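Only one structure is covered here, and it is reproduced in the block below.
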Amino acid sequence: MLSAVAARKAAKAAAEASITPSSKPPSPPLSKSLSPSPKPASSSNDNASSTVKRKPRGSSNTGQSKNKKTKLTHASTKFDRSVRYFDASDASKAQNTVDTAIGTATSQSESSSSAEEMEMDISHPAGLSFLPVKKTKRAWSPSRPMPDSSDEEEADPPGSTDPSMYLASVSKKFEPLPLSTFRPVIGINVYSVQGNEYETNGAAVILVLQPNETAALVGIYSLCVLQGSLSLLGVTLSPSNTKHAIFAPRSSPIPILSWAKLDRQGSCAYPIPLAIRRQENSTAILIEYAHTGVEGLGQICKTFENVFQPPRESEALPSIELPRIHIVNRGAKDIYPYVFPSSWETACSLIDEQLDSEMTAAPVCLVKGPRKSGKSTLARTLVNRLLNRYRRVAFLECDLGQSEFTPGGLVALNLVENYVFGPPFTHPSLPYRSHYIGSTSPRASPSHYLHSVQSLLEVYKLDLQFPVTNNESLPGDERIYDAIPLVVNTMGWTRGLGTDLNARIENFVEPSHTFDIVGVEEKGWPAPPQPQSSQQALTGFQLMPTNIMKCVTVESITSETTNTHYTATDHRNLNILSYFHAVFPEIPISSSGPSLVLNQVLAIGWDTSVPLCARYPYEVDYSQAFDHVYLTGPGYEDVVPSELTRVLNGAIVGLVSSGPASKLPRPTHPRTSNEETSSLPYTPAEPPPDPALSTCHGLALIRGIPLTPNPRSPRIHILTPLPPAVLAHTRVLVKGEMELPIWGMLDFREDDHGRVAGIDKDHVPYLQWGKGEGVGGEKRRVRRNLLRKGQM
């Protein structure tokens, strides 16, 4: 029984050491008490091996019971190791288990052999004392996968770090940011007005902001400055009769209405109450609810449901007596204010200073930087700042994944006439000229992507930079109308091929101002250059003057001021659904084409009453309406004409109008005798239309097409938000990699019944509930950044 008593003492000493650390290590008594009895060195094998020889099968029953007790001892030890990070009181349980397993020995020899076997498991104090053991880093192995450089490094699991540090990170509370200092009081700073006097469609109020006051409103509303100046999204608004549409969802940074010092005089024809006029040095704004129907997108795309309403846990102030417009005092986990860095303000002021001094040519601004750094936000702010001096601003979108005015997959040249106060899905518009790439990245067709950008730049220089128009000066509008500046938004792909493509685009544009957003070094972005003088250190940006252009380096937006609950894919899906549910006005188009109209065609509302599967489509005779069909993207060159209808069914296509050169006879694809013919003009592996001779007017959804060609009834069902006058010029279909989001295929009227247009979900084509069956049933993720050790 001596070995059992020694093991019991060792377990007790280890448990005491885990609760109250001692200055003397308990290893000497442990090694002394558990050392095996001396044995004569019979052979070298006995000295080299520390295991105990098994007894022959012909032994007594006591050997079998000893083996069972040994297994029980090892199992209890392994269980103790798995829970060593939790409660130290479990050490008594482990001690009792060891006592029970060892104390049932029947002879001195069995106890000695059991102690010899136990020495392997309890010789380490960490196994019984529940002390955290720091795991060593695994050595490099050629079979070990490399981490993805585009993903964030994952934190260590709770079992490999200090438990107290892990619990502290979990219990860290969210600190809300202050949004509003404005406290509404009816009759003091909130006044209700009549709709007839201010040309409103319903209830309206006038808010009076005192110096240094801010107000954050969540919802959809129109705003008009009556008195003073207002700072909004980096732009200072003066009194005028213009009503600006403001879209403030929780999925994007909330715009903050801030009092601003009056920088220029303005006039407003709306009446101002006498009580407001007496409040000198104050800003009075007229606010009313805007009926647009964009809130209905939340019931279509459930990810963005109720984004125009404040969260339940937020602290709300008293109402301002307007329906569906809420004022928010503090931020929440999904509410972040719009932050305009000081370096951005200093950089944007350079354009204002140049416009006041030189006034020679319209500026051409290019914004570049990595992803999630604020490129689109800065480009949108530049457009608003230029609209203070110009009647129109041209916007060249080169980011295929995160487009501003059009759905993804398009390289578009847009004309902007109104201030942009909202995320991209709130202002879909028809482009002046665009080209359909059909993908969210130019990786598959970089030459076609560059050719499209170069073609749009030529259109801007020939048609828009100095347009030939009549005298369009409006009374009271002193902005420049005979010159149109340009803002270019590049893509966030800043590595490898993306760096070369952005450099080529910058050479094509020849910008007068380049805004380079530099991210933090921890994110893997380039390190910001060190300032050359103390003035640069104070302003937060670096100016590199050259003979051709001015390059300004600004800081990026921090992750603390952006909403991380929604991914780029979520915003892209919402942008596509917003486009197909948008309602565009009727526009007069001449016979020469719609691209000669120098006006912005902006959506006036959204129709979300029925899903896409229940809307009335256009029924088109595709044998007469289309001249050609193109398939772009990897893998589409192998599609034979007999399978073309299956590829187009339920697909998103670009509606393209091409020049006379594209209508020449095309070589036909040789067909076998058993192959079905298709009345759609299609040639496999044919390149897309030439950007110099074509333009894409918008996108369409082919909702239905007969899988078997029927020469007697060649009908096709198409859904598109384009006006009918534009459809008359579209004679070419281009199919790319873009697909309709899954939210657009569902029927939100059926709630949770799982039916689409009254049909059970099991019988709906192209939709599958649950996981795929078999190998290859799930979508495979392509990893192109896996490197070997020699390539690092």
Side-chain angles (χ1 to χ4, degrees), residues 173-182 184 207 214-223 232-234 244-258 287-320 322-340 372 374 376-377 380-381 402 404 419-428 557-578 581-582 606 608 741 743 748:
K173 295 183 178 180
F174 172 78
E175 298 181 359
L177 299 176
L179 300 182
S180 301
T181 60
F182 175 77
L207 302 183
T214 60
L217 303 179
V218 176
I220 308 168
Y221 55 95
S222 64
L223 181 146
L232 175 62
L233 299 179
H244 310 281
I246 314 296
F247 299 87
R250 291 185 288 108
S251 58
S252 300
I254 302 298
I256 306 298
L257 309 179
S258 303
I287 294 180
E288 64 172 322
Y289 174 74
H291 299 270
T292 59
V294 70
E295 307 97 321
L297 294 175
Q299 64 180 352
I300 298 174
C301 186
K302 298 298 183 180
T303 309
F304 294 86
E305 190 173 9
N306 298 328
V307 293
F308 287 99
Q309 298 179 5
R312 298 177 181 178
E313 64 273 9
S314 64
E315 179 184 354
L317 291 179
S319 174
I320 57 175
L322 280 182
R324 287 175 282 189
I325 299 179
H326 311 272
I327 184 169
V328 180
N329 182 22
R330 290 184 174 273
K333 293 183 179 180
D334 57 346
I335 288 186
Y336 297 88
Y338 174 84
V339 177
F340 193 66
K372 296 182 180 180
S376 300
T377 304
R380 193 183 309 129
T381 305
Q402 302 294 330
E404 183 68 31
Y419 289 103
V420 183
F421 294 141
F425 76 92
T426 61
H427 46 261
I557 294 181
T558 60
S559 59
E560 290 79 7
T561 58
T562 56
N563 198 330
T564 58
H565 296 275
Y566 302 94
T567 63
T569 305
D570 295 334
H571 289 284
R572 189 183 306 119
N573 293 340
L574 182 62
N575 200 7
I576 295 177
L577 296 176
S578 174
H581 286 273
W606 287 263
T608 58
W743 296 110
F748 59 86

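In this chain, numbering begins with 1 at the start of the sequence shown. This structure is a prediction, so every number in the text was calculated from the model and none was measured.
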Query raised in the report: Is the closest side-chain heavy-atom distance between Ile287 and Leu257 below 4.5 Å?
Result: yes
Query raised in the report: Out of curiosity, Trp743 CH2 to Leu577 CG, how far, rounded to the nearest 0.5 Å?
Result: 10.0 Å
Query raised in the report: Got a second to check how far Asn306's CG is from Arg250's CZ, nearest 0.5 Å?
Result: 7.0 Å
Report task. Determine, stepwise, if the pair His571 / Phe304 fulfils ring-ring contact (aromatic ring centres under 6.0 Å, His included). Result -> CA-CA 9 Å; His571 289 284; Phe304 294 86; 5.7 Å; yes
Query - Under 3.5 Å: donor-acceptor pair, side chain of Ser180, backbone of Ala216 - result: yes
Query raised in the report: Would Thr567 and Asp570 count as having a side-chain donor-acceptor pair, cut-off 3.5 Å?
Result: yes
Requested in this report: Check whether any side-chain N or O of Glu404 sits under 3.5 Å from a backbone N or O of Arg380 as a donor-acceptor pair, and report yes or no.
Outcome: no
Query - Close side-chain approach of Ile557 and Val339, heavy atoms under 4.5 Å - result: no
Query raised in the report: Any donor and acceptor pair, going by atom type alone, linking the side chain of Asn573 with main-chain N or O of Thr569 inside 3.5 Å?
Result: yes
**Report entry** Interatomic distance, Tyr289 atom OH to Leu322 atom CG [nearest 0.5 angstrom]
**Finding:** 11.0 Å
**Report entry** Any Thr381 side-chain heavy atom under 4.5 Å of Tyr338 side chain
**Finding:** yes
Query raised in the report: Has the side chain of Thr181 got a donor or acceptor atom that lies under 3.5 Å from a matching backbone atom of Thr214?
Result: yes
Query raised in the report: Just wondering, do Ile220 and Val294 contact through their side chains at under 4.5 Å, heavy atoms?
Result: yes
**Report entry** Donor-acceptor contact below 3.5 Å, side chain Gln402 vs main chain Pro424
**Finding:** no
